[in-house]
A.B. asks: 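Mind having a look at this structure? Questions to follow.
Per chain, numbering begins at 1; letters A, B, ... match sequence-line order.
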Amino acid sequence: MGMTAVEKILARASGRASVAPGELIEPVPDFIMIHDGVVLAARQELDALGITRIANPDKVVMVTDHDVLYNSELAVRRGAFNRAAARDWGVKRFFDAGRGGHGHVFPMETGIVTPGTLYFDNDRHCTNVGGIGAVAFRMGTEISRVLATGSNWLMVPHTIKLVIKGKAQAGVHARDIGFVIGAMLNEPSESSGVEIDYRILEFTGELDQFSLAARVSMCSTPTEMRAIGVFFPPSAEIIAYSRARTQQPFEAVYSDKDANYESTMELDVGRLQPQVALPGGPHRAADLSSVAGQRIDHAFIGSCGSSMWEDLEIAAGYLRGRRVAPGVRLLVVPGSEQSTLRMAHEGLAQVFLDAGATILPAGCGPCASGRNGLVHAGEVSISTAVGNGTGRFGSREAKLFLGSPATVAASAVSGCITDPRALTSH
Amino acid sequence: MTTEIDNHNWLFKGRCYKLGHDVPHAGGVIPNPLITAREFDPQKLIPHLFAETDPGFHQRVKPGDIIVTGRNFGMGPKMNGYIAMQALGLGVVCESMPFLAYRAAVGVGLPVMTDCFNVTELCDSGDELEVDFRSGMFFNHTRDIRKEYPPLPDALQEIVALGGNTGWLKRWWQQQQTARQ
């Protein structure tokens, strides 16, 4: 029996010839990521045990992306605490506010994550790196054990194969496809035969149409549906992208032809129209046409689901030469400082500012437990956030829709939910 | 390590508290505000265990009592409710549990068995149960039923025996210190 790509990566990191679903292993990750919200608890736990050193400081990447602007006294204190922690632990790869951006975006753009990488992260949205052909596992509060010992136990997950058929029509973005996949995964497993809890969702089929940014976008919604990982076999283009950005050697990993998949799903993307996710969850996919014309107050482009360079470019295409509609506030949150700089160099920042958008520092933006750019009761938002559960960013009495970067930008200039195909992109 | 696992009490004898399917962690097990406030103090959590569905639960249970649940117990990766159960000396047997919920329960040292097919059909609240989390043996003495389920895996028994991740780390660190001397 062959192995899936993720099984091969886990076997390599565990020093074993093979692994199989259900086995308990202790792989050694290539690196460890921890974000600004949880350093405090992890260090306090370790300090209380007298563990003042971490296993391998050179393998740790610390990022400040959840509360970049320190929107509370607590956050200010936490920022100071985190800087001291990085110094005391000897962590050199510490991307403080303004230095890196979103921890699930910039490491792919800077070559920290390449195809074939395995890493452990406190945060579950690390699944984003499946877009580049890598895999990462959420450790939650157990990140303390990973920091102290360099590893942790893991159960090898089952893998589900998702065969993409057809070619997406113009105006249908990867995020739209993601919402539809979310709806498929939300079907009760008794009727669909697919259980997504703690599974890897591996894409296959007509994938050449999807760029790196598109693939990353499609990792978002399955994660919200409790997939533990998503995986795309890296294209030649993506391998070249990574080679140009990293100094470390790497090898792209692919599933064997006779790999074991727990179940198989199919999706014909050719038949899809632009989608939104209705308030309540990213799996609540609906044809955009069913809510077209819905007035909006708030729009936000960013989050780990849609903040790579290409996402920003797509959004800018609908804002160039237009103004955000009266009564609407549009927030743009690039995924990385590198993108913020490039926006300035290549004129995108001018496009957003001319349109009347507010550019926030790279990071999670409003999506991270709602620390900035919030919505009020009765307001309506459309965004590219990863989730739109009640109260995700602000009042529980607000309505939160999700859409693609194209849909959010087109809606921001129109003042209501708008099919991007109704506007010319330029 | 074998000593710690061997010396740990894996055999629970107590009353059954039966819950249905799809009981989420937030609200179903423990009120959500305690989760978002990152409250991990067992004494502060205990009075709120099942507070929204079964007020006064914590005053009626005794160490050794067993919570039996249907499918999909404890949705969510957080551990606040399991901290309270562990501190009260309870065990959990369920038909299924999302993996990260299971992981969270193990991580706070709660004896837990999942994938116990149809176990809710073998017992009712108030039945006298006996469960060996190390062997997977399940007895309902009230109904004279005996059943074998998948036990807590060997590799995870160590974590539960040491009281969860923090206990595991504490012992690991002691071993590191000893090895260095």
A.B. asks: Could you tell me which portion of A:Arg53 (side chain, backbone, both or neither) has an atom closer than 4.5 angstrom to a non-hydrogen atom of chain B?
C.D. replies: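 For A:Arg53, the side chain is the part near chain B, not the backbone.
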A.B. asks: For the backbone of B:Glu128 and the side chain of B:Thr142, can you confirm whether one donor and one acceptor N or O come within less than 3.5 Å of each other?
C.D. replies: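 Present.
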A.B. asks: Would you say the side-chain atoms of A:Asn388 pair up with the backbone N or O of A:Leu400, donor to acceptor, closer than 3.5 Å?
C.D. replies: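 Judged by distance alone, yes, a pair lies under 3.5 Å.
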A.B. asks: Identify which part of B:Asn72 has an atom lying under 4.5 Å from any heavy atom of chain A, answering side chain, backbone, both or neither.
C.D. replies: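 Just the side chain, heavy atoms under 4.5 Å.
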A.B. asks: Which one of A:Thr141, A:Ile51, A:Leu46 has the most heavy-atom pairs closer than 4.5 Å to chain B?
C.D. replies: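 Ranked by contacts with chain B, first place is A:Ile51.
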A.B. asks: Indicate the atoms forming the closest heavy-atom contact of B:Leu19 with B:Phe73, along with that distance.
C.D. replies: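 Closest pair (atom of B:Leu19, atom of B:Phe73, distance): CD1-CE1, 4.0 Å.
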A.B. asks: Would you say the side chains of A:Glu7 and A:His158 form a donor-acceptor pair under 3.5 Å?
C.D. replies: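 The answer is no; no qualifying pair exists.
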A.B. asks: Relative to chain B, which segment of A:Ile25 carries a heavy atom at a distance below 4.5 Å: side chain, backbone, both, or neither?
C.D. replies: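 When you check distances to chain B, no heavy atom of A:Ile25 falls under 4.5 Å.
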A.B. asks: Between A:Glu142 (side chain) and A:Met139 (backbone), is there a donor-acceptor pair under 3.5 Å?
C.D. replies: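 No: the side chain of A:Glu142 does not pair with the backbone of A:Met139.
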A.B. asks: Measure from the side-chain N and O atoms of A:Asp65 to the backbone N and O of A:Gly103, and report whether any donor-acceptor pair falls under 3.5 Å.
C.D. replies: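 Flag set: sc A:Asp65 to bb A:Gly103 pair under 3.5 Å.
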A.B. asks: With only heavy atoms counted, which part of A:Arg145 is less than 4.5 Å from chain B, the side chain, the backbone, both or neither?
C.D. replies: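 For A:Arg145, heavy atoms of backbone and side chain both lie under 4.5 Å from chain B.
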A.B. asks: Counting heavy-atom pairs under 4.5 Å to chain A, which of B:Arg103, B:Met79, B:Gln174, B:Met75 comes out on top?
C.D. replies: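 Ranked by heavy-atom pairs under 4.5 Å with chain A, first place is B:Arg103.
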A.B. asks: So for B:Gln176, is it side chain, backbone, both, or neither that comes closer than 4.5 Å to the heavy atoms of chain A?
C.D. replies: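 For B:Gln176, the side chain is the part near chain A, not the backbone.
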A.B. asks: Most heavy-atom pairs under 4.5 angstrom with chain B, which of A:Ala41, A:Ser144, A:Ala48, A:Gly50?
C.D. replies: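 Result: the option with the highest number of such pairs is A:Gly50.
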A.B. asks: For the interface with chain B, which of A:Arg124, A:Glu26, A:Met155 has the highest count of heavy-atom pairs at distances below 4.5 Å?
C.D. replies: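 Looking at each of A:Arg124, A:Glu26, A:Met155 in turn, A:Met155 comes out on top.
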A.B. asks: Can you check whether B:Phe57 and B:Tyr17 have ring centres sitting under 6.0 Å from each other?
C.D. replies: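 Yes, the ring of B:Phe57 comes within the 6.0 Å limit of the ring of B:Tyr17, centre to centre.
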